[in-house]
Student: 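Following this message is one structure expressed as structure tokens.
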Protein chains: 2
Amino acid sequence: MSKHQKEMALLKEHLGKHQLKYTRQRELILDAFLKQEHITAEELYHQLSRKDPHLGLATIYRTLNLFCEAGLAQARHFGTQTQYDNVSHKGHHDHLICTECGKIVEFENCDIERLQEEVAARNGFVIKTHRLELYGLCSRCQH
Amino acid sequence: MSKHQKEMALLKEHLGKHQLKYTRQRELILDAFLKQEHITAEELYHQLSRKDPHLGLATIYRTLNLFCEAGLAQARHFGTQTQYDNVSHKGHHDHLICTECGKIVEFENCDIERLQEEVAARNGFVIKTHRLELYGLCSRCQH
DNA sequence: AAGCTAATTGAAATGGGTTATCAATTTCAA
DNA sequence: TTGAAATTGATAACCCATTTCAATTAGCTT
Ligand SMILES: [Mn+2]
Ligand SMILES: [Mn+2]
Ligand SMILES: [Zn+2]
Ligand SMILES: [Zn+2]
């Protein structure tokens with residue numbers, strides 16, 4: 001039995017509602033995707049090329065966009081590429097990015113998260129997701 | 001006398017420090033840029049094409065990137081394009097975005113800004129800019 | 001003012017990431 | 001099993017942005 005029953009059920013529900021089909025490729029991509037916290041289309045393509053050399057890059061892109069529509073993934077434009085976040089991973093995090101060397105540090109800060117909720121509430125919003133990126137210089141690049 | 005003395009001085013200071021030159025094109029682009037709150041390179045190109053049909057798009061891009069380095073502008077990847085924010089126009093602010101109707105609320109929260117600095121310091125970073133976007137449903141779209 | 005040198009420019013080519021096209025294949029309901 | 005509709009993979013097209021390069025220009029230095 002697969003480890004990702006819940007996510008697979010979610011996907012199949014979406015497929016059913018939209019007259020879409022459950023294909024071998026979608027199953028393959030789903031399994032690989034759910035093992036990651038976040039990944040780019042290109043990275044996933046290289047991983048899966050070993051298992052199935054005929055899998056096309058376009059299919060990866062199409063399927064990741066499908067996952068976004070089904071609520072399994074969340075696209076995040078990161079620099080020049082798009083990162084697809086695995087929503088089922090609970091550990092939400094934000095990013096510190098060095099604009100000089102490209103170093104990326106992930107962090108979580110619940111105080112910030114709480115203040116975000118307060119700002120939203122004050123404006124009548126209910127937050128579903130958010131994005132916080134801090135750009136600057138890492139310790140090595142400050143000199 | 002120009003309306004944008006302060007920004008022009010800032011730019012000239014940056015130019016001086018980096019052996020760069022004050023050109024007719026840079027002056028033209030600066031004037032047009034400072035009239036906007038935020039704009040894309042393409043939009044600026046179309047605006048200026050009327051005044052100077054020979055101005056190249058590459059020059060617009062180069063100059064907007066220069067403005068970013070001089071601290072006059074701030075690049076923000078928004079969807080597929082890059083928005084260049086006029087820093088002098090409105091100061092820094094973040095965004096609440098309704099994913100249903102597209103409504104955007106601007107906000108500023110110094111507690112969050114302070115916590116961001118703490119996170120950065122803890123990781124040895126010095127922040128130059130940041131980006132915080134909260135996605136959710138506005139009061140009208142929650143029903 | 002004229003000369004010199006390095007920076008800048010515009011046109012065009014190039015680049016990277018993503019989406020569109022389309023004939024062949026596959027899914028799945030009837 | 002059959003057939004209509006969705007999907008796939010290869011490739012071309014796209015979009016935005018940067019790079020290239022020969023010609024021009026800015027701004028010192030005589
Ligand atoms: Mn967060
Ligand atoms: Mn802010
Ligand atoms: Zn660095
Ligand atoms: Zn709304």
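Throughout, protein chains are lettered first and strands after them, A, B, ... in sequence-line order, and every chain is numbered starting at 1. Just so it is clear, the model here is predicted, and its values are computed rather than measured.
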Student: Grab the CD-C1' distance between A/E27 and D/dT7 for me, whole Å please.
Tutor: 15 Å
Student: Rounded to the Å, how far apart are B/L66 CG and D/dA26 P?
Tutor: 16 Å
Student: Going by the rule side-chain hydrogen bond (donor to acceptor under 3.5 Å, both in side chains), which residues pair with A/T40 if we only count those two or more places apart in sequence or in a different chain?
Tutor: none
Student: Listed by chain and number, what are the side chain to side chain contact (heavy atoms under 4.5 Å, CB included) partners of B/S49, not counting sequence neighbours?
Tutor: B/Y45
Student: Check side-chain hydrogen bond (donor to acceptor under 3.5 Å, both in side chains) between A/E118 and all other residues, then give those that pass, not counting sequence neighbours.
Tutor: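 Once residues adjacent in sequence are excluded, the partners of A/E118 under the side-chain hydrogen bond (donor to acceptor under 3.5 Å, both in side chains) criterion are A/R114.
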Student: So, is A/Y61 near the phosphate of C/dT18, with a side-chain N or O under 4.0 Å from OP1 or OP2?
Tutor: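 Yes, such a contact exists.
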Student: Starting the side chain at C-beta, find the nucleotide from D/dT7, C/dG17, D/dA17 nearest to B/T82.
Tutor: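 Side chain of B/T82 sits closest to D/dA17.
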Student: Starting at CD1 of A/I60 and ending at C1' of D/dG9, how long is that distance when rounded to a whole Å?
Tutor: 11 Å
Student: What is the separation between atom CD1 on A/I29 and atom C1' on D/dT7, rounded to the nearest whole Å?
Tutor: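 The answer, rounded to whole Å, is 11 Å.
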Student: Please list, chain by chain and in numerical order, all residues satisfying side chain to side chain contact (heavy atoms under 4.5 Å, CB included) with B/K128, sequence neighbours excluded.
Tutor: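 Once residues adjacent in sequence are excluded, the partners of B/K128 under the side chain to side chain contact (heavy atoms under 4.5 Å, CB included) criterion are A/T99, A/L137.
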Student: Return the set of residues passing side chain to side chain contact (heavy atoms under 4.5 Å, CB included) with A/L10 (not counting sequence neighbours), or none when no residue passes.
Tutor: A/L72
Student: Whole angstrom is fine here: how far is it from OH in A/Y45 over to P in D/dT8?
Tutor: 14 Å
Student: Below 3.5 Å is the cut-off: list the nitrogen or oxygen pairs between protein and nucleotides 27-30 of chain C, distance only.
Tutor:
unit_1	atom_1	unit_2	atom_2	d
C/dT27	O2	A/K21	NZ	2.5
C/dC28	OP1	A/Y22	N	3.0

Student: By nearest nucleotide on DNA chain C, pick out whichever of B/P53 and B/R26 is the more 5' one.
Tutor: B/R26
Student: Counting only side-chain heavy atoms from C-beta out, which of D/dT18, D/dC15, D/dT8 sits nearest to B/N65?
Tutor: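 So the side chain of B/N65 is nearest to D/dT18.
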Student: If you look only at distance, which donor and acceptor atoms sit under 3.5 Å apart when one is on a side chain in residues 60-68 of chain A and the other is two or more places apart or in another chain?
Tutor:
unit_1	atom_1	unit_2	atom_2	d
A/R62	NH2	A/T59	OG1	3.4
A/T63	OG1	A/T59	O	2.7
A/N65	OD1	A/Y84	OH	3.3
A/N65	ND2	A/Y61	O	3.4

Student: To the closest 0.5 Å, what do you measure between CG (B/L34) and NZ (B/K6)?
Tutor: 10.5 Å
Student: Grab the CD-C1' distance between A/Q81 and D/dA17 for me, whole Å please.
Tutor: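 One finds 15 Å between C1' of D/dA17 and CD of A/Q81, rounded.
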Student: Expressed in angstrom and rounded to an integer, what is the separation of B/L57 atom CG from C/dT14 atom C1'?
Tutor: 15 Å
Student: Please tell me which of A/H54 and A/Q19 maps to the more 5' nucleotide of DNA chain D, matching each residue to the nucleotide holding its nearest heavy atom.
Tutor: A/Q19
Student: What bend angle does the helix from C/dA1-D/dT30 to C/dA30-D/dT1 show across its length, from five-pair end axes and to the nearest 10 degrees?
Tutor: 30°
Student: Quick one: salt bridge (charged side-chain N to carboxylate O under 4.0 Å, His left out) partners of A/R131, sequence neighbours excluded?
Tutor: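 Testing A/R131 for salt bridge (charged side-chain N to carboxylate O under 4.0 Å, His left out), a comparison that skips the adjacent residues, returns A/E133.
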Student: Using a cutoff of under 3.5 Å, can you pull out all pairs of nitrogen or oxygen atoms linking the protein to nucleotides 20-25 of chain C, with atom names and distances?
Tutor:
unit_1	atom_1	unit_2	atom_2	d
C/dT21	O4	A/R62	NH1	3.4

Student: Show me, pair by pair, the donor-acceptor contacts under 3.5 angstrom made by side chains of residues 13-22 of chain A, not counting sequence neighbours?
Tutor:
unit_1	atom_1	unit_2	atom_2	d
A/E13	OE2	A/K17	NZ	3.2
A/H18	ND1	A/H14	O	2.9

Student: Rounded to whole angstroms, how far apart are CG on B/L64 and P on C/dT9?
Tutor: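 Interatomic distance, CG of B/L64 to P of C/dT9: 12 Å.
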Student: Residues two or more places apart in sequence or in another chain: which of them pass ring pair (Phe, Tyr, Trp, His ring centres under 6.0 Å) with A/H95?
Tutor: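 A/F78, A/H93.
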Student: Please check if the side chain of A/N123 supplies one atom and the backbone of A/V119 the other of a donor-acceptor pair under 3.5 Å.
Tutor: yes
Student: Specify the closest pair of heavy atoms between A/S139 and A/H143, including all atoms of both residues, with the distance to one decimal.
Tutor: O-NE2, 3.3 Å
Student: Report yes if at least one side-chain N or O of B/T59 is closer than 4.0 Å to OP1 or OP2 of C/dG10; otherwise report no.
Tutor: yes
